[in-house]
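Numbers here are sequence positions counted from 1. Computed from a predicted structure; not experimentally measured.
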Amino acid sequence: MMEEREKLRSNVAERTRERVFLDSSVLLTAVCHEHSDSAILLQRCKEGNMLGIVSQRVLYECNWKLKYHPELQRKFDELARHLEVVEVSDKDIEKYTTIADPNDRHVLAGAEAGCADYLVTLDWKHFLSSSAKKRLAGYPIPRVFPGILTSPFREEQLPRIAISITEGTFAIGVDPQWTSKTIQHAGRPFVILDFPGVFSIWYEPARFQLKMRTEVYESPIVLTFSRYIDYSDALLCIATWDVVQGFTCMLDGKLQTIRRRWQKVPAESRLWIGSDRNGANQINGLVIFHGWPRALTEKEMRRVFEGGYVILPEKPASLTNSIV
C-alpha cells in the first residue's frame with residue numbers, strides 16, 4: 001500500500017512539473033555562461049523543479065559544436081544526464097516543410113513530440129519576432145526565452161533593477177498579448193519602462209503610439225513612434241542614455257535621437273520594468289530584457305535588433321570547431 005501511494009505521489013508530481021523543450025542555443029549558453037538565465041533554467045531542471053526535454057538531433061548538434069572543447073563537453077554531459085530525450089522522426093519533421101530554415105523544423109517537431117509546455121530558445125528572429133509569430137500562428141506550443149521562465153514576473157513580482165544613472169543601454173522585448181478590446185477599454189497608457197528622473201517609455205493605445213519622455217532637461221522632450229499593435233505582435237525597444245551625448249530610442253529598427261547634454265542628474269534611481277514607479281504592473285504579456293553598462297552605438301543597436309540571435313536576455317554562446 002505504501003509503495004502504491006508513493007508511486008501515485010510521484011506520478012502526480014510528474015504531471016504538474018512544467019515540460020520545457022530546450023534548443024541547442026540554450027544548452028550551449030548554459031554550459032558556457034554559468035550565471036546566465038539558460039544556466040539557471042538548466043539548474044532548475046536538474047533539481048527537478050521542471051522537466052527539461054531535448055531531441056537526439058539537438059544533442060547531436062551540441063556534441064558536434066563541443067567536440068573541440070573537452071571541458072565544456074564534460075559540463076554538457078553532466079547537464080544532459082538530467083534531461084529527457086525524445087525521438088524525432090522524418091515524418092514528424094515533414095509537418096513543417098513550409099518553414100524555410102530546416103534547422104527550425106526539427107526544433108518545432110521535437111517540442112511537439114515531447115509534449116512540451118514551452119519551447120525555450122534564444123532565437124528571437126526565427127521564433128519570437130512578429131514575422132515568426134505570423135509564420136507559426138498555428139503552432140500549439142508557446143516559444144519563450146529562458147528568462148521568461150526564470151523571471152520575477154512569473155511570481156507576479158515587479159522587476160526593479162539597479163543600473164547606472166549616467167550611462168547605459170536597456171533592451172526590452174514585449175509580447176503584449178493585448179486584444180483590440182483590451183486596447184479599446186484601456187483607461188491609461190501601458191508603461192513599459194520607468195526610470196524616475198531619467199526617462200520613461202509607454203504605449204498609448206488610443207493613439208497607437210509608443211513614447212519616450214526624458215526628465216533630465218528643464219522642459220521634458222518626448223520621442224514618438226507610430227505603432228499599431230494587435231494580438232500577433234511582438235515588439236523590441238532599445239534605449240540608450242548618456243549624460244554628455246543624450247538619448248537614443250529604437251523601436252523595431254526605427255531610430256530617434258536627442259543630442260543634448262543633460263541639464264540635471266538625479267541623485268538616485270532604479271529602473272522599473274513593465275510598470276510605472278508606483279509599482280502598478282501594466283504588462284500582461286511575456287517580457288524579456290537585458291542591460292549594458294554603456295550607451296551602445298547605432299551600429300551595435302542594429303546588430304542587436306537584426307541578429308539571428310538577439311542579445312535578449314543574454315548572448316548565445318558561439319563556438320567554433322577549432323582547438324582553443
Side-chain angles (χ1 to χ4, degrees), residues 18-33 36-45 50-62 64-65 76 79-80 83-86 88 92-93 95-96 99-151 153-154 171-175 177 232 234-236 285-290 304-319:
E18 288 180 312
R19 299 173 63 86
V20 293
F21 185 88
L22 311 166
D23 80 355
S24 60
S25 65
V26 174
L27 294 168
L28 293 173
T29 300
V31 169
C32 295
H33 305 294
S36 64
D37 289 328
S38 295
I40 294 171
L41 182 62
L42 265 293
Q43 182 61 31
R44 292 184 182 180
C45 292
M50 295 180 177
L51 181 61
I53 307 166
V54 293
S55 68
Q56 287 286 5
R57 295 190 183 216
V58 168
L59 289 178
Y60 174 82
E61 189 175 328
C62 291
W64 185 81
K65 291 184 177 180
F76 175 75
L79 284 177
L83 303 176
E84 179 181 300
V85 182
V86 296
V88 178
D92 294 328
I93 297 173
K95 291 174 59 177
Y96 303 102
I99 304 300
D101 192 335
N103 292 322
D104 295 343
R105 297 173 196 165
H106 77 83
V107 173
L108 295 167
E112 195 163 5
C115 300
D117 296 307
Y118 296 99
L119 191 169
V120 190
T121 179
L122 287 168
D123 191 339
W124 168 275
K125 184 176 181 180
H126 290 166
F127 291 105
L128 284 160
S129 64
S130 291
S131 60
K133 288 186 70 177
K134 291 172 183 175
R135 188 171 62 251
L136 299 172
Y139 188 69
I141 300 171
R143 287 88 61 201
V144 298
F145 277 105
I148 295 297
L149 301 180
T150 60
S151 168
F153 276 105
R154 301 206 87 204
I172 180 167
V174 182
D175 179 0
Q177 300 179 358
S232 65
L235 63 90
L236 177 61
L286 302 181
V287 179
I288 49 178
F289 48 83
H290 185 70
V304 170
F305 175 71
E306 296 171 358
Y309 291 103
V310 177
I311 310 176
L312 289 174
E314 60 206 28
K315 184 177 181 179
S318 177
L319 296 171

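Arg57 contributes no side-chain N or O that, together with a main-chain N or O of Val107, makes up a donor-acceptor pair within less than 3.5 Å. Between the side chain of Asp92 and the backbone N or O of Lys95, no donor-acceptor pair lies under 3.5 Å. No donor-acceptor distance shorter than 3.5 angstrom exists from the side chain of Thr29 to the backbone of Ser38, with no hydrogens or angles considered. A donor-acceptor distance shorter than 3.5 angstrom exists from the side chain of Arg19 to the backbone of Gly114, with no hydrogens or angles considered.
Expressed to the nearest 0.5 Å, how far CG of Leu28 lies from OG of Ser36 amounts to 11.0 Å. Gln43 CD to Met50 CE: the interatomic distance, rounded to the nearest 0.5 Å, is 12.5 Å. With rounding to the nearest 0.5 angstrom, the NE2 atom of His106 is 6.5 Å from the OG atom of Ser24. Note that CZ of Phe127 is 8.0 Å distant from OH of Tyr139, once rounded to the nearest 0.5 Å. To the nearest 0.5 Å, atoms CG (Leu41) and OG1 (Thr150) are separated by 7.0 Å. We find the SG-NZ distance between Cys32 and Lys65 to be 10.5 Å, quoted to the nearest 0.5 Å.
Annotation for Phe145 and Val120: closest pair C-CG1, 4.0 Å, computed over non-hydrogen atoms.
Under the 4.5 Å side-chain criterion, counting only non-hydrogen atoms from C-beta, Leu27 is not in contact with Leu79. Side-chain contact between Val54 and Asp23 is absent, with no heavy-atom pair separated by less than 4.5 Å. The shortest side-chain heavy-atom distance between Thr121 and Phe21 does not fall under the 4.5 Å cut-off. Using a 4.5 Å heavy-atom cutoff, the side chains of Asp104 and Tyr96 are not in contact.
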